[in-house]
Amino acid sequence: MSRGEAPGTGELPITERLTEGVRTALANAGLPEPETCVWEVPRQAEHGDYATNVAMTLARAARRPPRQVAELIVKHFPSLREVERLDVAGPGFLNVFLSPAWCTGALGEILEVGDAYGRGEGERGRRVRLEFVSANPTGPLVIVSARAAAVGDSLARLLRAQGAQVTTEYYVNDAGTQFEALARSFEARVAQEFGEPAALPENGYPGEYLIELARAYREEGRARPVGAPERERLEHFGRYAVSRILEQQRRILRDYGVEFDVWTSEQRDVRDRHLPEKVLEELAARKLTYEHEGALWFRSSELGEEAGDDKDRVLRRSTGEATYFAVDVAYHHYVKFQSADRVINLFGPDHHGYVPRMKAAMRALGHPPDAFEVLIVQLVTLLRDGQPVRMSKRRGEFVLMEELLEEVGRDAARFTFLTRRHDSPLEFDLALATRQSAENPVYYVQYARARIESIYKQAAEQGIVVPPLGDIDLSPLREGEELAIIKRLLQYPDVAKAAARALEPHRVAYFLQELAGIFHPYYKSHRVIQDDRRLMFARLALCTGVGRVIRNGLELLGVSAPESM
RNA sequence: GCGCCCGUAGCUCAGUUGGAUAGAGCGUCGGACUUCGAAUCCGAAGGUCGCAGGUUCGAUCCCUGCCGGGCGCACCA
């Protein structure tokens with residue numbers, strides 16, 4: 001049942017057509033309509049290509065046994081060219097068997113849609129603000145940032161592919177105590193560079209990179225603000241260090257394939273615009289603040305069960321200075337929500353205790369509960385030959401994102417991060433990853449695409465002229481494996497859509513592995529290039545479809561799909 | 001002590017809003033290159049889904065308790 005989709009975006013995913021069929025059948029049978037109709041791909045072939053439990057969920061409302069509901073659906077199901085047969089099975093499952101002829105025809109549609117295959121409209125009209133990485137500009141990026149960057153960037157791609165308007169953002173904490181600690185540390189390093197005795201401050205940053213930065217500073221012949229007031233000196237050294245460190249971070253991220261639409265400065269875009277003061281007034285006007293012992297508190301514990309925090313939080317210290325929390329609330333309310341109706345943040349696990357107060361604040365300021373989402377990207381435990389590599393910025397020892405990329409490569413790193421759920425901790429063995437890089441699943445997927453290109457190259461060398469894809473007769477595709485591959489390709493739009501909805505890129509990664517996992521054996525046991533021209537062209541078309549979906553899928557993950565490896 | 005996340009094959013992890021006989025990769029063992037790329041393929045072994053209850057037609061999934069691991073509980077960020 002087409003709804004007149006815009007050209008180039010393809011037909012509705014197969015499951016949506018089946019759902020339409022079920023709704024029609026229920027209406028014809030005079031039964032109540034379900035809110036949703038969930039389709040799953042059964043593990044066993046005898047259970048069909050798709051199955052739904054809708055009859056079971058509807059049994060109560062229909063006041064009939066599940067199997068009877070299922071039988072009524074079958075009886076009143078409209079005749080769709082997609083469907084060959086409907087079965088009622090087990091306690092009341094509805095099993096759908098797709099029509100082989102329709103499937104091979106659908107391959108033609110996939111080829112026609114091309115790089116738009118798998119795109120959808122589910123998120124059309126939504127403006128999403130997506131923030132990730134946002135590491136403090138106090139040092140180089142480490143491994144967790146690589147994970148967050150992979151997840152965040154892929155989420156942006158997934159949401160955009162579903163029609164959302166996404167702004168990716170890197171928030172720079174270039175103010176506050178950490179900024180000050182950086183400035184003091186750097187000032188000390190510069191002094192040392194000029195041969196003066198200077199000690200790092202108590203909570204300073206001891207890493208090598210500040211020494212290198214100090215050398216660069218001296219070589220540039222900068223005028224040191226010796227004797228200037230402390231505030232000026234810290235501003236001078238802090239700004240210099242932050243801008244250089246950010247430059248480096250941005251370069252590494254770009255090499256990783258991640259570019260941000262917006263780099264927001266806490267100082268310039270929030271504090272200098274006096275947004276914290278403004279938001280305190282707004283919260284006060286809503287009677288959500290109170291004074292206690294000279295500080296201003298937010299009644300975060302009184303905002304209802306779901307939105308509430310376990311205690312109230314300080315917004316303005318007794319010194320008169322706004323807390324990090326207050327600045328963050330202002331930043332979200334005035335900056336992020338000004339240009340978006342959905343705000344998604346990726347945080348590290350050390351910030352998860354921070355989430356309830358932020359949610360409480362967003363809700364207090366009138367944003368719908370689900371408009372503000374936080375995804376916790378769990379830690380990466382780094383191992384080298386089974387031994388944990390401890391990471392601590394304070395102690396100045398860590399494994400850098402740069403080193404990771406050198407050792408295992410961009411594609412392998414991204415794919416590895418994206419084959420895990422973002423909220424599950426991940427163990428990454430560097431030595432193992434390097435040694436096994438040839439067997440890494442990412443190459444398995446990429447190889448399938450490269451192989452397909454290779455077939456075309458081979459065909460060209462033999463002087464075979466392949467007709468335009470649209471002119472190829474696909475009906476010779478009769479093998480079970482061929483049909484299975486096409487059916488898998490047909491699942492792709494549902495996978496892409498579900499991954500975007502659930503904010504789970506790993507679904508795409510697993511799908512691609514499975515697709516490659518049925519393509520490689522097929523390639524091994526069936527010749528593409530052969531004397532039977534009709535069959536050869538049909539198989540070439542099938543290969544093109546596989547390559548197309550692999551490319552589209554890897555694109556969503558930000559992983560390359562080279563023509564040859 | 002309180003809160004959040006996590007316990008699935010030797011290891012690293014999937015398991016689609018509760019579905020039918022729990023999967024993949026790596027590792028191990030045994031096979032396959034004179035034919036489109038062997039970064040591949042074929043086969044085998046490997047499980048009390050942490051433990052114990054509960055909810056129902058049905059639980060790896062939901063609820064309760066316990067055990068084990070991670071993280072958080074600032075007028076830090």
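In the text below, chain A, chain B and the rest are named by the order of the sequence lines, each starting its count at 1.
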For [Y], is there any backbone N or O sitting under 3.5 Å from a side-chain donor or acceptor partner on [X]?
| X | Y | value |
| --- | --- | --- |
| A/Thr289 | A/Leu283 | no |
| A/Arg421 | A/Glu504 | no |
| A/Thr52 | A/Val38 | yes |
| A/Arg23 | A/Glu33 | no |

> So, are A/Glu482 and A/Arg539 salt-bridged, with charged N and O less than 4.0 Å apart?
Replying inline: yes
In whole angstroms, how far is the [atom2] atom of [N] from the [atom1] atom of [X]?
| X | N | atom1 | atom2 | answer |
| --- | --- | --- | --- | --- |
| A/Asp309 | B/G3 | CG | C1' | 10 Å |
| A/Leu515 | B/G25 | CG | C1' | 16 Å |
| A/Phe415 | B/A39 | CZ | P | 18 Å |
| A/Arg271 | B/A77 | CZ | C1' | 10 Å |
| A/Asp312 | B/C73 | CG | P | 17 Å |
| A/Glu453 | B/G37 | CD | P | 12 Å |
| A/Glu563 | B/C36 | CD | P | 20 Å |
| A/Phe347 | B/G70 | CZ | C1' | 19 Å |

Please state the [atom1] separation for the pair [N] and [M] - nearest whole angstrom.
| N | M | atom1 | answer |
| --- | --- | --- | --- |
| B/G68 | B/G43 | P | 43 Å |
| B/G18 | B/U12 | C1' | 27 Å |
| B/C2 | B/G25 | P | 43 Å |
| B/C63 | B/U17 | P | 16 Å |
| B/A22 | B/G50 | P | 15 Å |
| B/U16 | B/A52 | C1' | 29 Å |
| B/U8 | B/G1 | P | 24 Å |
| B/C49 | B/G53 | P | 13 Å |

> Want to settle it: does A/Leu379 or A/Gly517 sit nearer the 5' end of RNA chain B, counting the closest nucleotide to each?
Replying inline: A/Gly517
> Which sits closer to the 5' end of RNA chain B, A/Arg313 or A/Gln44, going by the nucleotide each is nearest to?
Replying inline: A/Gln44
Heavy atoms only, 4.0 Å cut-off, all strands: where does [X] land among base, sugar-phosphate and nothing?
| X | value |
| --- | --- |
| A/Tyr523 | base |
| A/Glu46 | base |
| A/Lys457 | nothing |
| A/His520 | sugar-phosphate |
| A/Ala459 | nothing |
| A/Gln446 | nothing |
| A/Pro521 | sugar-phosphate |
| A/Phe93 | base |
| A/Ala509 | nothing |
| A/Ser318 | base |

>> For a quick check, with a 4.0 angstrom heavy-atom cut-off, what is the B/S/- contact string for nucleotides 10-16 of chain B, read 5' to 3'?
In response: --SSSSB
> Quick check: are there more than 12 heavy atoms from other residues, nucleotides or ligands sitting under 6.0 Å from CZ of A/Arg60?
Replying inline: no
Consider only side-chain N and O atoms of [X] and [Y], and report whether a donor and an acceptor are under 3.5 Å apart.
| X | Y | value |
| --- | --- | --- |
| A/Tyr331 | A/Glu131 | yes |
| A/Gln446 | A/Asp411 | yes |
| A/Tyr171 | A/Asn345 | no |
| A/Asp269 | A/Thr264 | no |

>> Would you call the rings of A/Trp297 and A/Tyr290 parallel, tilted or perpendicular, taking 30° and 60° as the class edges?
In response: parallel
> Which dot-bracket string describes RNA chain B (Watson-Crick N1-N3 plus N6-O4 or O6-N4, or G-U N1-O2 and O6-N3, all under 3.5 Å; [ ] crossing; | other strand)?
Replying inline: (((((.(..((((.....[...)))).(((((.......))))).....(((((..]....)))))).)))))....
Choosing from [options], which nucleotide comes nearest the side chain of [X]?
| X | options | value |
| --- | --- | --- |
| A/Gln513 | B/C75, B/A77, B/A24 | B/A24 |
| A/Val528 | B/U40, B/G19, B/C36 | B/C36 |
| A/His47 | B/A20, B/A77, B/U40 | B/A20 |
| A/Asn95 | B/C36, B/A74, B/A20 | B/A20 |

>> Under 3.5 Å, is there any donor-acceptor pair linking the side chain of A/His351 to the base of B/G72?
In response: no
>> If the condition is ring pair (Phe, Tyr, Trp, His ring centres under 6.0 Å), which residues does A/His333 pass it with, not counting sequence neighbours?
In response: A/His367
>> Is the shortest side-chain heavy-atom distance between A/Val445 and A/Phe415 below 4.5 Å?
In response: yes
> Are A/Tyr444 and B/G25 stacked, counting the six-membered base ring, centres under 5.5 Å, planes under 30°?
Replying inline: no
> In residues 53-71 of chain A, which residues come under 4.0 Å of RNA chain B by heavy atom?
Replying inline: A/Asn53, A/Met56
> Just to confirm, is there a sub-4.0 Å distance from OP1 or OP2 of B/A39 to any side-chain nitrogen or oxygen of A/Tyr443?
Replying inline: no
> Does any pair with a residue in residues 438-467 of chain A pass ring-ring contact (aromatic ring centres under 6.0 Å, His included), and if so which ones, sequence neighbours excluded?
Replying inline: A/Tyr444-A/His520, A/Tyr447-A/His520
> With sequence neighbours excluded, what pairs up with A/Arg548 under the salt bridge (charged side-chain N to carboxylate O under 4.0 Å, His left out) test?
Replying inline: none
